[in-house]
Amino acid sequence: IIDNAIKYSPNDSLIFIEVEWKKMTCQVNIRDQGPGIPENQMQFIFERFSRAPSSSQIQGFGLGLAIAKKIANIHKASLLVINTQPHGAEFQFEIKNF
């Protein structure tokens, strides 16, 4: 997810990584300043080989987010994505503390 944030953000932009420890869970938020995810592609981004048409000039196979989602599922964690304003995306990974 961090690699995607770097690849999809403009040069010299910031990537924000926030870790929040709660009583029962830990949440990691990764926010970039890239183009965001087209709304009509949002439901597909965690599928294998899924790539937005606008990402054709960015190297990759469309597997990274599918792998991240599978890891989250194995650990009974959640992995969500939202578009941020005015641009960019934020991935939120939350896992129960042991």
With side chain to side chain contact (heavy atoms under 4.5 Å, CB included) as the criterion, how do Leu79 and Phe46 come out once you've worked through the C-alpha distance, each side chain's angles and the decisive distance to 0.1 Å?
CA-CA 9 Å; Leu79 178 59; Phe46 293 115; 3.5 Å; yes

Closest non-hydrogen atom pair between Gly34 and Ser9, with its separation
N-OG, 3.7 Å

So how far is it from Gln33 CD to Phe16 CZ, rounded to the nearest 0.5 Å?
5.0 Å

From CG (Asp32) to CG (Asn4), nearest 0.5 Å
8.5 Å

Could you report the tightest heavy-atom contact between Gly36 and Pro38, atom names first, then the distance?
O-CD, 4.0 Å

Residue pair Asn83, Glu90: steps toward the side-chain hydrogen bond (donor to acceptor under 3.5 Å, both in side chains) verdict
CA-CA 6 Å; Asn83 281 319; Glu90 180 174 326; over 6 Å; no

According to a hydrophobic-cluster definition based on side-chain heavy atoms being under 4.5 Å apart (Ile, Leu, Val, Met, Phe, Trp, Tyr only), do Phe91 and Phe44 belong together?
no

Report the distance from atom CD1 of Ile45 to atom CG of Leu65, rounding to the nearest 0.5 Å.
5.5 Å

With the 4.5 Å side-chain cut-off for hydrophobic clustering, are Ile95 and Met24 part of the same group?
no

To the nearest 0.5 Å, tell me how far Ile82 CD1 sits from Met42 CE.
8.5 Å

Any side-chain to backbone donor/acceptor pair from Lys96 onto Ala77? Under 3.5 Å, distance only.
no

Heavy-atom closest pair, residues Val81 and Ala89
CG2-CB, 4.3 Å

Can you tell me how far apart CG (Asn97) and OG1 (Thr25) are? Round to the nearest 0.5 Å.
6.0 Å

Stepwise, does the side chain to side chain contact (heavy atoms under 4.5 Å, CB included) test hold for Gln92 with Gln27?
CA-CA 7 Å; Gln92 301 171 343; Gln27 183 168 329; 3.9 Å; yes

Indicate if Ile1 and Ile6 have the same hydrophobic cluster label, given that clusters are the connected sets of ILVMFWY residues with side-chain heavy-atom separations under 4.5 angstrom.
yes

Between Gln43 and Gln41, is there a side-chain donor-acceptor contact under 3.5 Å, judged purely by atom types and distance?
no

Measure across Cys26 and Val19 and return the closest heavy-atom pair with its distance rounded to 0.1 Å.
SG-CG1, 3.8 Å

Euclidean distance, Ile2 CD1 relative to Ile30 CD1, rounded to 0.5 Å
4.5 Å

How far apart are the closest heavy atoms of Ser78 and Ala72, and which atoms are they?
C-CB, 4.5 Å

Taking NZ, NE, NH1 and NH2 as the nitrogens, is one of them in Glu94 or Lys22 under 4.0 Å from a carboxylate oxygen of the other?
yes

Same apolar cluster: Tyr8 and Phe93, side chain cutoff 4.5 Å
no

